[in-house]
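Here's the structure we're looking at; comments come further down.
Predicted model, so just to flag it, every value in this text is computed and none were measured.
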Amino acid sequence: MTDPPTALKLMVFAGGLTSTHDLPSRGRVTLGRAADNEVCIDDPSVSRHHAALHLGAEVLLEDLGSANGTSLRSPIQDAATADLSQTKLAPGRRVAIAPGASFHLGSTVLVLRREARSGDSPAPVIGDEAMRRLHAMVARVADGTISVLLLGETGVGKEVLAHALHERSPRASGPFVALHCAALSGSLLESELFGHEKGAFTGAVSAKAGLLESAEGGTVFLDEVGELPPDVQVKLLRVIEERKVLRVGALRPRSIDVRLVSATHRDLEAEVARGTFRQDLYFRLNGIALTIPPLRERVSEIAELSRVFISRVAGQLSRPLVPTLSPEALALLEAYRWPGNIRELRNTIERAVVLCAGPTILPEHLPLDRMRAAPSPPVAAAPSVAPPPAGPLRSEIEALERQRIVDALEQSAGNQTQAATLLGMPRRTLVAKLVAYNIPRPRKR
């Protein structure tokens, strides 16, 4: 018997790209190139209707008469054994597979993976000096109730930092509720955030508490908050100001006690100037802003992050052997610019673990064509200086940040570009902070 199928996902590696698909608890899932398959795989080696997974008490794999065949790859047994033998399935024959099983549809690799528990929060890797300073600031602001805005490129690890802030706060025993604002339409987003009463709209067969209510005593993380529609922005602003939430279709608001942590890769000041984001909401969310540097500026963390991802993926695949990175593979990882940041690194490591049959991940297990041909990532717009928080915490944070800037300028002999790198922020942000804190700008020599 394997783990319940409800805890399973299917990873597909085709044409250098990786996709992950949720599997139902029961039923038949077809795999193939045609658009009417439950899992559509765009690869010329895959037949239109290639194979099927039958899900129930166990998972069965069946070839549907494909042109290039369906084959199972033997799992790794131990460090001394790397069995790459493949068993080709006869059309119509069903074979049981377990989590961690790897199989081929033509030249495409698929893996049945156990899903991580939803309650698990990843521990942050802190090896870079700028990240140590960032987490020191997180520790300072965690005790308060001030809203926090996390800034940084897509995939940089904003949710991990939000988890860290929650777990260091007095609210750690309360819930941590996350919502990706770009993943839902306006009406669904409003219902998810604020909840609804029975009969509020078609399909509302019962009353439902929204995320803001369900996070009572805890933290709400709004990822990609810059994608909020204008009408939802208005209602969220009212919630923040009144600390009350009005469900869709309700007549009376309900009091709530939550802390808001938001994240975005957008320049919200520019969005305010364009009229797509409310200025008053921006100020409410931006009690204090923390900028997470991109992975290309945290090269010293790549080795440890890779080890964490390798161990996690090996566990999800039920592998008895956790492979290690070869020095050559690590050198390639550290030389790459990572436009997708930590999310791209994680996907790359997942692919490498799947393709690695022995005890060591080698360069050939990495997507070398993509890594060698990738352009430099776009330069993100520098976020403006966040207004300091109100209350007794304000002077402490101002003094701490001002001293950090002065120390960085002294350490870099007045070179503002180097100082900005030490601080983990864009140079434009540093210049703005020099003005905000009345620090004389060093003159060029």
query: Does any donor atom in the side chain of R113 or T20 lie under 3.5 Å from an acceptor atom in the other side chain?
result: no
field: For E197, all residues meeting side-chain contact (heavy atoms from CB on, under 4.5 Å), sequence neighbours excluded
entry: A207, R247, A250, R254
- prompt: Salt bridge check: are E192 and K208 linked by an N-O gap of less than 4.0 Å?
  reply: yes
- request: Evaluate side-chain contact (heavy atoms from CB on, under 4.5 Å) for I41 paired with L110, printing each intermediate quantity in order.
  value: CA-CA 10 Å; I41 305 171; L110 297 90; 3.9 Å; yes
- prompt: Can you tell me if R28 uses its side chain to pair, donor with acceptor, with the backbone of A52 under 3.5 Å?
  reply: no
field: Donor-acceptor pair between N68 and H50 side chains, under 3.5 angstrom
entry: no
field: Separation between CZ of R94 and CD of E58, rounded to the nearest 0.5 Å
entry: 11.0 Å
- prompt: With distance as the sole test, does N341 use its side chain to make a donor-acceptor pair with the main-chain N or O of L295 at under 3.5 Å?
  reply: yes
query: For R93, does the CZ atom have more than 12 heavy-atom neighbours from other residues, nucleotides or ligands under 6.0 Å away?
result: no
Distance, nearest 0.5 Å, that separates CG of N286 from OG1 of T264: 11.0 Å
Pair E227-R266, salt bridge (charged side-chain N to carboxylate O under 4.0 Å, His left out): steps then yes or no: CA-CA 9 Å; E227 310 301 325; R266 292 182 178 275; 2.6 Å; yes
task: Taking atom CZ of R243 as the centre, report whether more than 12 heavy atoms of other residues, nucleotides or ligands fall under 6.0 Å from it.
output: yes
message: Is it the case that the side chain of W338 and the backbone of V299 share a donor-acceptor pair, with hydrogens and angles ignored and the cut-off at 3.5 Å?
response: no
- line: In R296, H265, K158, the residue satisfying side chain to side chain donor-acceptor pair (under 3.5 Å) with E153 is R296
query: Do F309 and I342 have side chains that get closer than 4.5 Å, going by heavy atoms?
result: yes
- request: Please collect all side-chain hydrogen bond (donor to acceptor under 3.5 Å, both in side chains) contacts where either partner lies in residues 168-178, sequence neighbours excluded, each pair once.
  value: R171-D257
- prompt: When you measure from the side chain of S262 to the backbone N and O of L285, does any donor-acceptor pair fall under 3.5 Å?
  reply: no
message: For the OG1 atom of T291 and the CG atom of L149, what is their distance to the nearest 0.5 Å?
response: 8.5 Å
field: Test item: N37 side-chain N/O and R48 main-chain N/O as donor-acceptor pair under 3.5 Å
entry: yes
- prompt: Just by modelled atom types, is the K244 backbone N or O under 3.5 Å from a matching donor or acceptor in the S255 side chain?
  reply: no
- prompt: Taking 4.0 angstrom as the limit, do R274 and E271 come out as a salt bridge?
  reply: yes
message: Between R351 and H365 (side chain of the first, backbone of the second, donor and acceptor by atom type, cut-off under 3.5 Å), is there such a pair?
response: yes
